[in-house]
Amino acid sequence: MLELYGQQVSSRLLLGTALYPSPAIMADAISASGADIVTVSLRRESSGGRTGEKFWELIRSLGVRVLPNTAGCHSAREAVTTAKMAREVFSTNWIKLEVIGNHDTLQPDVFGLVEAARILAVDGFEVFPYTTDDLVVAERLLDAGCRVLMPWCAPIGSARGPQNLDALRSLRGRFPEVPLIVDAGIGRPSHAATVMELGYDAVLLNTAVAKSGDPAAMAGAFAKAVQAGREAFIAGMLEPRDMAVPSTPVIGLATFS
């Protein structure tokens, strides 16, 4: 079981709710993923009047926990305002905090992120910050009151997979007791397995499932990959070696003259 802000969740795969061809396909993907937590943008839920209400009803019918996010915010002030609105709409203190600093890469504005995290933590929010893989930024976010970190492995929606395994490995090693959820940039189930093998606690993804040819099937594949990566990490994997090592003992082998 994974514990996030005192709440136990069984699935280590978190799923986004944007970009699906239809609400029904989204619902099928969420069910196939086995996810306990889904992210929802306040802008997505609120738009369209009755459409937004129906979307929210569908999410509630799936029996999953909602993690609202501040997607699209480009300043600490905007993110804080959006978070407070999301708390009223979704009746939760959980918030996935995004403060975007670059329009092209959608890289977090880490300065605004820390500022917003501090304000929200004081106000009783339980913050899930979308951040980079920088150790110093991670320390600042923890000092600001965050108890979970969500580092990216590549730009949002890029599907590139882990771009800096050394940085992700260092982050895991530096904060062994902090729940770390890789967020953004994962494109294939093998990417998810790779980061889980590093000892990460969970994976959050959206585009790789929503924009695939068969979102439900892809969600199921990611669920298996996340589980496989976690089990491999727990079991203890063989580390790479510089030289070949025979798998068959050489002592006692028959010799022929």
Side-chain angles (χ1 to χ4, degrees), residues 1-17 28-39 62-65 67 94 96 128-131 133 135 138 147-154 158-210 212-242 244-248:
M1 297 289 285
L2 173 62
E3 183 172 316
L4 302 171
Y5 286 105
Q7 301 296 315
Q8 299 281 337
V9 294
S10 57
S11 175
R12 294 176 182 270
L13 175 60
L14 289 69
L15 210 58
T17 57
D28 289 343
I30 293 173
S31 296
S33 73
D36 296 317
I37 301 171
V38 299
T39 61
L62 296 172
V64 292
R65 177 152 190 163
L67 175 60
W94 279 18
K96 181 193 171 191
F128 294 69
Y130 163 61
T131 183
D133 52 21
L135 290 174
R147 290 164 54 193
V148 175
L149 298 175
M150 303 182 76
W152 71 349
C153 72
S158 68
R160 295 178 185 173
Q163 297 295 285
N164 193 339
L165 284 174
D166 288 337
L168 290 174
R169 189 177 289 109
S170 295
L171 196 62
R172 176 73 285 178
R174 177 66 180 81
F175 306 106
E177 304 301 323
V178 177
L180 299 180
I181 303 172
V182 170
D183 176 20
I186 287 179
R188 301 183 179 188
S190 58
H191 297 159
T194 296
V195 297
M196 292 301 291
E197 288 173 358
L198 295 179
Y200 276 74
D201 296 284
V203 165
L204 169 59
L205 52 91
N206 187 173
T207 308
V209 168
S212 67
D214 187 336
M218 186 61 73
F222 269 106
K224 295 181 181 72
V226 168
Q227 181 179 357
R230 178 65 181 178
E231 291 179 0
F233 172 74
I234 295 298
M237 294 170 293
L238 184 66
E239 293 299 319
R241 301 169 178 177
D242 292 332
V245 178
S247 57
T248 302

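Checked by atom type and distance alone, the side chain of Q8 never pairs as donor or acceptor with a backbone atom of G6 at under 3.5 Å. Panel note: side chain R172, backbone F175; a donor-acceptor pair is recorded below 3.5 Å. The main-chain N or O of A154 is never found under 3.5 Å from a side-chain atom of S158 such that the two would form a donor-acceptor pair. For the pair T17 (side chain) and T39 (backbone), a donor-acceptor distance under 3.5 Å is present.
Contact check on R169 versus D133 returns no salt bridge, with no Lys/Arg side-chain nitrogen under 4.0 Å from an Asp/Glu carboxylate oxygen.
When side chains are defined from C-beta on, L13 does not count as touching I37, because their heavy atoms never get closer than 4.5 Å.
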(request) List the steps and the verdict of side chain to side chain contact (heavy atoms under 4.5 Å, CB included) for Y200 and R12. (result) CA-CA 10 Å; Y200 276 74; R12 294 176 182 270; over 6 Å; no
(request) Take L149 and I181, measure what side chain to side chain contact (heavy atoms under 4.5 Å, CB included) needs, and give me the verdict at the end. (result) CA-CA 6 Å; L149 298 175; I181 303 172; over 6 Å; no
(request) Verify side chain to side chain contact (heavy atoms under 4.5 Å, CB included) between V38 and I30, making sure each step is shown before the conclusion. (result) CA-CA 8 Å; V38 299; I30 293 173; 3.9 Å; yes
(request) In sequence, state the C-alpha distance, the side-chain angles, and the governing distance for V203 and M196, and then conclude on side chain to side chain contact (heavy atoms under 4.5 Å, CB included). (result) CA-CA 8 Å; V203 165; M196 292 301 291; 3.9 Å; yes
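Here the closest heavy-atom approach between residue S170 and residue L135 is recorded as O-CD2, 3.9 Å. The two residues A210 and P215 have their closest heavy-atom pair at O-CG, 3.9 Å. The nearest pair of heavy atoms linking A192 to F222 is CB-CD2, 3.9 Å. The two residues G187 and A208 make their nearest non-hydrogen contact at O-CB, 3.6 Å. A pairwise comparison of heavy atoms in P162 and L165 identifies CB-CD2, 3.6 Å as the closest pair. When all heavy atoms of W94 and L4 are compared, the closest pair comes out as CZ2-O, 3.4 Å.
The CG atom of L204 sits 8.5 Å away from atom CD1 of I186, with the distance rounded to the nearest 0.5 Å. To the nearest 0.5 angstrom, M218 atom CE is 10.0 Å from L205 atom CG. In this structure, the separation between CE on M150 and CG on D201 is 11.5 Å, given to the nearest 0.5 Å. Here the CG atom belonging to D166 is positioned 12.5 Å from the CG atom belonging to L171, to the nearest 0.5 angstrom. Distance CG/N206 to CG/L14: 11.5 Å, rounded to 0.5 Å. Taken from SG in C153 to CG in L168, the straight-line distance is 6.5 Å, to the nearest 0.5 Å.
Separation of the F128 and Y5 ring centroids falls under the 6.0 Å cut-off.
Scored by the side-chain contact (heavy atoms from CB on, under 4.5 Å) test, E231 finds Q227 as partners (sequence neighbours excluded). R230 meets the salt bridge (charged side-chain N to carboxylate O under 4.0 Å, His left out) test with no other residue; sequence neighbours excluded. Under the rule for a side-chain contact (heavy atoms from CB on, under 4.5 Å), the partners of A184 that lie at least two apart in sequence or sit in another chain are Y130, W152, I156. Residues satisfying the salt bridge (charged side-chain N to carboxylate O under 4.0 Å, His left out) criterion with R160, sequence neighbours excluded, are absent altogether. In this view, A219 and A29, A32, S33, V209 satisfy the side-chain contact (heavy atoms from CB on, under 4.5 Å) rule, not counting sequence neighbours.
Pairs of residues two or more places apart, or lying in two chains, that qualify as salt bridge (Lys or Arg N to Asp or Glu O under 4.0 Å) and include a residue from residues 174-197 are K96-D183, E139-R174.
There is no side-chain donor-acceptor pair under 3.5 Å between S11 and D36.
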